[in-house]
Engineer: 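This is the structure I want to talk about, given as structure tokens.
Labels below follow one simple rule: chain letters A, B, ... track the order of the sequence lines, proteins then strands, and each chain is numbered from 1.
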Amino acid sequence: MLSLQKTRSRDARPARLLPADFYARDPRAVSRDLLGKILIRRRARKTLSGRIVEVEAYLGENDAAAHAAAGLTPRNYVLFGPPGRAYVYFIYGNYFCLNVSCEPDGIAGGVLFRALEPLAGIEQMAQERGVALKPSHLAGLRLLTSGPGRLAQAFGVTRERDNDKDLTSSSSDLQIVDDGYRPARVSVGPRIGITKAAADPLRFIIAGNPFLSGRK
DNA sequence: TACATGATGCCCT
DNA sequence: GGGCATCATGTAG
């Protein structure tokens, strides 16, 4: 049986807000370095947070699977803009997906958040997801943030509310911070749910983490 | 447990 | 009008 909260930091080290230059790099490098960082949604009543355990890199206009491959459009302009901004898109008529823009301003690239390990605000996440939660039950917790559509819903992410939001601003209600945690082992494999460029190893995971997306 | 399928709406051609 | 960086549910084994 896997223990819960495998990645909860024991350190008292204060969390550091990731700056824009962290994202102003190749999405593959950003992806690897985002594993283990913490996504935070600050709300009036409660703060939600989750450890990043699975991401995918989407490259520029030469990546056939990337939205940027279509060239600059009203939908995907954030990918071409400054680094560290939220790119949110609507998919399959039901779900939003959250990305962060990479590369310097003018160059396209992004990272898709595919799975988090819930850390704080779990009751609120369950409410957003509309799931009845049995406390400390792993199968139930996995339903909250194990998948890109799920984590966006759990964190209340929408295109209207969050698209083009600056994740590197200290005044932002959506941020990514480093609390000093470092993954024991990172694995890389093919991206999920795509047909073009499907073989490229651009999916990055914390190996063995119980909150990865997909069936167990 | 594994796989197939329907729901659902926006964007781009 | 086709396709889509998904998820929940149903059915078969």
Engineer: Contact boundaries of DNA chain B with chain A (under 4.0 Å, heavy atoms), 5' to 3'?
Structural biologist: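 Using the under 4.0 Å cut-off, the span is B/dC3 to B/dC12.
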Engineer: Holding to side-chain contact (heavy atoms from CB on, under 4.5 Å), I want the full list of residues that pass it with A/Y77, two or more places apart in sequence or in another chain.
Structural biologist: A/L72, A/N163, A/D164
Engineer: Rounded to the nearest angstrom, tell me the gap between atom CG in A/N94 and atom P in C/dT9.
Structural biologist: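 So the CG-P distance, A/N94 to C/dT9, works out to 12 Å.
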Engineer: How would you label the contact of A/R203 with the nucleic acid (heavy atoms, under 4.0 Å): base, sugar-phosphate, or nothing?
Structural biologist: nothing
Engineer: Nearest whole angstrom, please: distance from the P of C/dT6 to the CG of A/L144.
Structural biologist: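 Answer to the nearest Å: 19 Å.
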Engineer: Using a heavy-atom cut-off of 4.0 Å across all strands, would you classify A/R191 as base, sugar-phosphate, or nothing?
Structural biologist: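 Result for A/R191 = nothing.
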Engineer: Output the residues of residues 76-93 of chain A in contact with DNA chain C, where contact means a heavy atom of the residue under 4.0 Å from an atom of the strand; sort by number or write none.
Structural biologist: A/Y89, A/I91, A/Y92
Engineer: Is the closest basic N to carboxylate O distance between A/R191 and A/E56 below 4.0 Å?
Structural biologist: no
Engineer: Taking A/D33 first and then A/R25, would you say they form a salt bridge - that is, a charged N and a carboxylate O separated by under 4.0 Å?
Structural biologist: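 So A/D33 pairs with A/R25 through a salt bridge.
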Engineer: Which part of the nucleic acid, if any, lies within contact of A/A65, taking any heavy atom under 4.0 Å across all strands shown: a base, the sugar-phosphate backbone alone, or nothing?
Structural biologist: base
Engineer: When you measure from the side-chain N and O atoms of A/R114 to the phosphate of C/dT6, is any distance below 4.0 Å, counting only OP1 and OP2?
Structural biologist: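 Looking at the OP1 and OP2 atoms of C/dT6, one of them is under 4.0 Å from a side-chain N or O of A/R114.
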Engineer: Does A/R142 place a side-chain N or O at less than 4.0 Å from the phosphate oxygens OP1/OP2 of C/dC7?
Structural biologist: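 Indeed not, no polar side-chain atom of A/R142 lies that close.
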Engineer: For the residue pair A/I176 and A/F113, what are the closest heavy atoms and their distance?
Structural biologist: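 Minimum heavy-atom separation between A/I176 and A/F113: CD1-CZ, 3.5 Å.
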Engineer: Please tell me if the side chains of A/L39 and A/L116 come closer than 4.5 Å, counting only heavy atoms from C-beta onward.
Structural biologist: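 Yes; the side chains approach each other to less than 4.5 Å.
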Engineer: For DNA chain B, whose closest nucleotide is more 5', that of A/Y95 or that of A/R159?
Structural biologist: A/Y95
Engineer: For A/Q153 and C/dA8, what is the distance between atoms CD and C1' respectively, to the nearest whole Å?
Structural biologist: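 Atom CD in A/Q153 sits about 11 Å away from atom C1' in C/dA8.
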Engineer: Quick check: on DNA chain C, is the nucleotide nearest A/L143 upstream (toward 5') of the one nearest A/I194, or the reverse? Name the residue that is more 5'.
Structural biologist: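 Upstream on the strand: A/I194.
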Engineer: Nearest whole angstrom, please: distance from the C1' of C/dT6 to the CZ of A/R150.
Structural biologist: 9 Å
Engineer: Could you check whether A/R85 pairs with A/D162 (Lys NZ or Arg NE/NH1/NH2 to Asp/Glu carboxylate O, under 4.0 Å)?
Structural biologist: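 Not counted as a salt bridge, because no side-chain N and carboxylate O are separated by less than 4.0 Å.
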Engineer: Between which residue ranges does DNA chain C form stems of three or more consecutive Watson-Crick or G-U wobble pairs, both distances under 3.5 Å?
Structural biologist: B:1-7 with C:6-12, B:9-12 with C:1-4
Engineer: Whole Å only: how far is the CD1 atom of A/I192 from the P atom of C/dT6?
Structural biologist: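 Result: 8 Å.
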Engineer: Should A/K196 and A/D200 count as an ion pair when the cut-off is N to O under 4.0 Å?
Structural biologist: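 Salt bridge: no.
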Engineer: Listed by chain and number, what are the ring-ring contact (aromatic ring centres under 6.0 Å, His included) partners of A/F22, not counting sequence neighbours?
Structural biologist: none
Engineer: A/F204 CZ to C/dA5 C1': how many Å, rounded?
Structural biologist: 15 Å
Engineer: Using ring-ring contact (aromatic ring centres under 6.0 Å, His included) as the criterion, list what pairs up with A/Y89, not counting sequence neighbours.
Structural biologist: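 With sequence neighbours excluded, A/Y89 shows a ring-ring contact (aromatic ring centres under 6.0 Å, His included) to A/H67, A/Y87, given in chain and number order.
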Engineer: If I compare all heavy atoms of A/T145 with all of A/A154, which pair ends up nearest, and what's the gap?
Structural biologist: CG2-CB, 3.9 Å
Engineer: Charged N to carboxylate O under 4.0 angstrom, A/E117 versus A/R51?
Structural biologist: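 No, this pair does not count.
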Engineer: Between A/D173 and A/R43, is there a side-chain N and carboxylate O pair less than 4.0 Å apart?
Structural biologist: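 Here A/D173 does not pair with A/R43 in a salt bridge, since their nearest N and O are not under 4.0 Å apart.
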